[in-house]
Amino acid sequence: MGDKPRVVVLLGAPGAGKGTQGMRLTARAQIAHVSTGDLFRDAVRMQSPAGQRAEAYLTSGQLVPDQVVLQLVEEYLAKLETLDICLDGFPRTYQQAIALEELLSQLGLSIALVLHLHVADSIALERLVDRGRADDTIETARHRLEVYHAATEPLIRHYNEVGLLSEVDGSGDADAVESRVWDAVEMALNLR
Ligand code: AMP
């Protein structure tokens with residue numbers, strides 16, 4: 001761990017395994033795992049102002065408006081100390097990506113690595129329906145995948161162009177994916 005937190009972004013469709021791999025990174029390397037989806041689900045449960053604004057979007061599988069997401073992330077990042085972090089489910093739009101870069105640069109931080117966990121839609125869909133969270137009915141799962149392709153997938157090209165992207169095959173069991181993820185993270189964060 002360095003003096004300043006380093007930021008790893010986990011990019012991938014819903015069902016690609018970002019949550020599972022984020023938690024594994026935490027267990028393995030003391031990298032804090034921040035899932036905006038989890039933050040929103042907690043906010044909805046608590047019925048906080050952000051939760052009330054986000055609830056209908058979560059239920060229908062739509063993206064929460066950028067402004068609401070950014071406020072939540074900003075509050076979270078402001079509390080960061082020295083632990084490296086992995087962002088799961090954020091950024092999800094080009095506007096969020098630009099806002100994240102601005103926010104990090106204000107804090108003197110930058111993205112060390114963007115991992116694209118890649119799986120076929122059929123695998124993502126199967127995993128989403130199997131895990132059966134309230135926002136994962138077959139209809140919302142399909143819709144969430146469409147939203148991913150339209151709004152989030154273009155970020156892959158953006159991060160590739162700026163030289164931060166690492167492609168990781170997210171198919172197969174979680175242990176196999178973990179070792180691929182770990183190879184990329186170890187190298188980018190100099191953990192070897
Ligand atoms: P997830 O657990 O990452 O699949 O997120 C669950 C839901 O939370 C999404 O379907 C969105 O409604 C909302 N959400 C999470 N992260 C974001 C984000 N970065 N931008 C917009 N909406 C988000």
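FYI, side chains are in, hydrogens and waters are out, and symmetry mates aren't considered; it's all heavy atoms of this structure. When a ligand or atom number is given, it counts from 1 through the structure's own listing order.
- Under 4.0 Å from ligand 1, not a single heavy atom of Glu55 appears.
- At a heavy-atom cutoff of 4.0 Å, ligand 1 is contacted by both the backbone and the side chain of Leu63.
- Side-chain contact between Leu104 and Val7 is present, with at least one heavy-atom pair separated by less than 4.5 Å.
- Between Arg133 and ligand 1, an N or O atom pair is found at a separation short of 3.5 Å.
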Tell me which donor-acceptor pairs under 3.5 Å the side chains of residues 107-125 have, and how far apart each pair is, sequence neighbours excluded?
from   : atom 1 : to     : atom 2 : distance (Å)
His116 : ND1    : Glu167 : OE1    : 2.7
His116 : ND1    : Glu167 : OE2    : 3.2
Asp121 : OD1    : His149 : NE2    : 2.9
Asp121 : OD2    : His149 : NE2    : 2.9

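- In the model, Gln62 has a side-chain atom that pairs as donor or acceptor with a side-chain atom of His143 under 3.5 Å.
- The closest protein non-hydrogen atom to atom 18 (C) of ligand 1 is Arg92 CD, 3.4 Å.
- For atom 22 (N) of ligand 1, the closest non-hydrogen atom of the protein is Val64 N, 3.0 Å.
- If you check which protein heavy atom lies closest to atom 7 (C) of ligand 1, you get Leu58 CG, 3.8 Å.
- Residue-level proximity to ligand 1 for Gln62 is carried by the backbone, the only part with a heavy atom below 4.0 angstrom.
- Salt bridge annotation for Arg180-Asp183: absent, with no cationic side-chain nitrogen under 4.0 angstrom from a carboxylate oxygen.
- In this structure, the protein non-hydrogen atom closest to atom 16 (N) of ligand 1 is Thr36 OG1, 2.7 Å.
- Between Arg92 and the choices Leu155, Val147, Thr36, the side chain to side chain contact (heavy atoms under 4.5 Å, CB included) rule is met once, by Thr36.
- Atoms CG and OG, from Leu11 and Ser166 in turn, are 11.5 Å apart once rounded to the nearest 0.5 Å.
- The salt bridge (Lys or Arg N to Asp or Glu O under 4.0 Å) search around Glu55 returns none, not counting sequence neighbours.
- Close contacts between ligand 1 and Gln96 involve ligand atoms 18 (C), 19 (N), 20 (N), 21 (C) [criterion: under 4.0 Å to a heavy atom].
- Using a 4.0 Å cut-off between charged nitrogen and carboxylate oxygen, Arg142 and Glu146 do not count as a salt-bridge pair.
- With respect to atom 6 (C) of ligand 1, the closest heavy atom belonging to the protein is Arg41 NH1, 3.4 Å.
- Under a 4.0 angstrom heavy-atom cut-off, Lys18 registers as lying outside contact with ligand 1.
- Taking the charged nitrogens against the carboxylate oxygens, Arg41 and Asp38 do have a contact shorter than 4.0 Å, which makes a salt bridge.
- What sits closest to atom 10 (O) of ligand 1 on the protein, heavy atoms only, is Arg144 NH1, 3.3 Å.
- Residue Gly89 places at least one N or O, backbone or side chain, under 3.5 Å from an N or O of ligand 1.
- The closest protein non-hydrogen atom to atom 14 (N) of ligand 1 is Phe40 CD1, 4.0 Å.
- The contact set between ligand 1 and Tyr57, taken as ligand atoms under 4.0 Å from a residue heavy atom, comprises 12 (O).
- Leu189 places a side-chain heavy atom less than 4.5 Å from the side chain of Asp84.
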